[in-house]
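Heavy-atom basis, side chains included; hydrogens, waters and symmetry copies ignored. Numbered from 1 within each chain, the chains take letters A, B, ... in sequence-line order.
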Number of protein chains: 2
Amino acid sequence: MASRALNNAPHVSRAKREAVERAVRQLGYVPNPTARALATRQTGAAALVVSGEDPSIFADPFFARVIVGASAALDEADLHLMLCLAASDRGRKRVEELLRCRGADGVMLMALREDDPLIRMADEAQLPVVFGGRPVGPAPRWYVDVDNVGGAREATEHLVSLGRRRVAVICGRLDTEAGRARYRGYRDAVLGAGLDPFPPLQGDFTERSGAAAMAALLAEHPDVDAVFAANDNMAAGALRTVREAGRRVPADVAVVGFDDLTVAQVADPPLTTVHQPIEALGREMARMLVALVNGQDPTPLVLPTRLTVRASA
Amino acid sequence: MASRALNNAPHVSRAKREAVERAVRQLGYVPNPTARALATRQTGAAALVVSGEDPSIFADPFFARVIVGASAALDEADLHLMLCLAASDRGRKRVEELLRCRGADGVMLMALREDDPLIRMADEAQLPVVFGGRPVGPAPRWYVDVDNVGGAREATEHLVSLGRRRVAVICGRLDTEAGRARYRGYRDAVLGAGLDPFPPLQGDFTERSGAAAMAALLAEHPDVDAVFAANDNMAAGALRTVREAGRRVPADVAVVGFDDLTVAQVADPPLTTVHQPIEALGREMARMLVALVNGQDPTPLVLPTRLTVRASA
DNA sequence: GCTTCCAGTGGGAGCGCTCCCAAAGCGCAC
DNA sequence: GTGCGCTTTGGGAGCGCTCCCACTGGAAGC
């Protein structure tokens, strides 16, 4: 019957297939995706959930680029992208509902906070879940992450190789795995060079917090000659503080960031930073999810980072 | 029957309602949204389509903030957000499909290029369509926009009020309505002050194009003492060029931008710019769409802009 | 000639809801 | 007691697909 012709199933004669095609054109027939979804028990959509307590973290261009990558990969698998901002209570409720009633064929989870209830819910949900960036705690079954430890180590080693001896760190939030991993990488490199690591001075990944942390650093350790900031925003803030304090970058204080967002290129001086493949992160998350939806069992993926040297260090 | 109890319909006795609720809890019953969608002919989702030939324009934090606003408003109406990046051919095909087969209850359209085929498709589609920002050409039936003309006028008048007499402009893409409207606003203000408007020197809304345009400007009109750039990215580029040319901002050249994104705050010097309510734009688009889905007939909306004075002018 | 096989076809059942309709129950006025 | 109008209840058609099953007829094998 018609259904077979439309889905190019076998056991359909050429004549019949053409007849159906003609009829489709004449009548302007379009299949109803909802009916198909009901019959096949597949919604044809994947959800990208961005957690975090503050909706404005989503304004970080990071997520937009993840989406670009994920969207392209989902397009290839003919899946729609549902975007869920789980910042508000309302938003979280709706994500919970989505997981319970299988409102999507699979879910990508990002920016989870520590002990995020979504982790448990995802665990109980009877549908594929891919994590973007490992959450704090035990590693989930399926995730895509970037090599935060390696990137931070490389960044710090670069500072050391420049002859710097008082290499400080401005950490990101330590209730995120990325924040912790980047501190570990820094620590590894400093210890490896026989230097003393600084204690984890914590920012919250914003420009402002980077500026504040840098001010504290300069006050407590006037002899600091290098800083690894756990992301570009904080590095930009640090740059500003150093400049305002009348010191030069990189002559007096060398600064390295992490992310390689636009801000790194337009900063003054342009920021040496750890490049991470953000679109690829989104793309690989989506591909992993598609594989799961298709019944395969992919393995977790850690994408490489790469130091990009510019003027700040 | 059960359906009535679950949807709090009338004509259900208290006893029955409680019995149903108990059964639901015991069995862990969750209604199937797909089946509901098929029966009600409502998908429970709204699509946000971002057109434009380059997927990377989506990386502009502008869209992320629109999404934050739209997502919040859709949450309130219990609609899911489907995000469609219509940059690739594949993406455009899928949006077309979405429109034709009513894969969503309504669609929000943004970043349309001139003569974008989506405009016609949206017209023919039998479902509510709200435009975010007017497209070039005749105004659509339903849209939300910001007051680009008024904002540009105010920005330019500010430069004039500072005593500047050679007020140049760096336009955005003139194949977008925002680009054109902002040039009109500039032109109105300059003419109103009895000065000569500069011809529309065109950039493409990127930092790099702003820098290049500023270089051309300085070469051709060394006496320029003020610039209105049609967005912050280009203004930041202009800032860089002015600095590199050894001139001071704002002493020698005053610069005003448009958008009030993060880049305006972290620029050196911080950018005087036209603030536009981006989250509100998203929110109002979503609300307008919800109204349409509910059978109401809302009127187009133009949101006000506001000049935010910082150090650059 | 007959059976055996299989590509091709038509007919429904079923997906899990909503919504309408008819029947039942019940109070009230006559 | 009967008739009327109301709330409450159960039953089932229908949403538009997919997928299975039973059937047909022609080619191949004996």
For A:Leu74 and B:Arg94, what are the C-alpha separation, side-chain angles and deciding distance, and is it a side chain to side chain contact (heavy atoms under 4.5 Å, CB included)?
-> CA-CA 11 Å; A:Leu74 291 178; B:Arg94 302 192 71 228; 5.6 Å; no
Let me know the distance between [atom1] of [X] and [atom2] of [N], rounded to the nearest Å.
X: B:Arg102; N: D:dC17; atom1: CZ; atom2: P; result: 14 Å
X: A:Arg36; N: D:dC19; atom1: CZ; atom2: C1'; result: 13 Å
X: A:Arg100; N: C:dG16; atom1: CZ; atom2: C1'; result: 17 Å
X: B:Leu38; N: D:dA13; atom1: CG; atom2: P; result: 17 Å
X: B:Asn32; N: C:dT18; atom1: CG; atom2: C1'; result: 13 Å
X: B:Gln42; N: C:dT18; atom1: CD; atom2: C1'; result: 12 Å

Rounded distance [0.5 Å steps], CG in B:Asp145 versus OG1 in B:Thr305 |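 Answer for the CG-OG1 pair, B:Asp145 versus B:Thr305, is 10.5 Å.
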Rounded to the nearest 0.5 Å, how far does CD of A:Gln26 lie from CD of A:Glu21?
->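 The distance works out to 12.5 Å.
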Among D:dG16, C:dC19, C:dC17, which nucleotide sits nearest the side chain of B:Thr40?
->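 Taking heavy atoms from C-beta onward, the closest nucleotide is C:dC19.
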Looking at every strand, decide which applies to A:Pro33 at a 4.0 Å heavy-atom threshold: base, sugar-phosphate, or nothing.
-> nothing
Donor-acceptor side-chain pairing of B:Asp260 and B:Gln276 below 3.5 angstrom =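 Looking only at side-chain atoms, B:Gln276 and B:Asp260 do not form any donor-acceptor pair under 3.5 Å.
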Presence of A:Arg41 side-chain N/O under 4.0 Å of C:dC15 phosphate oxygens OP1/OP2 = no
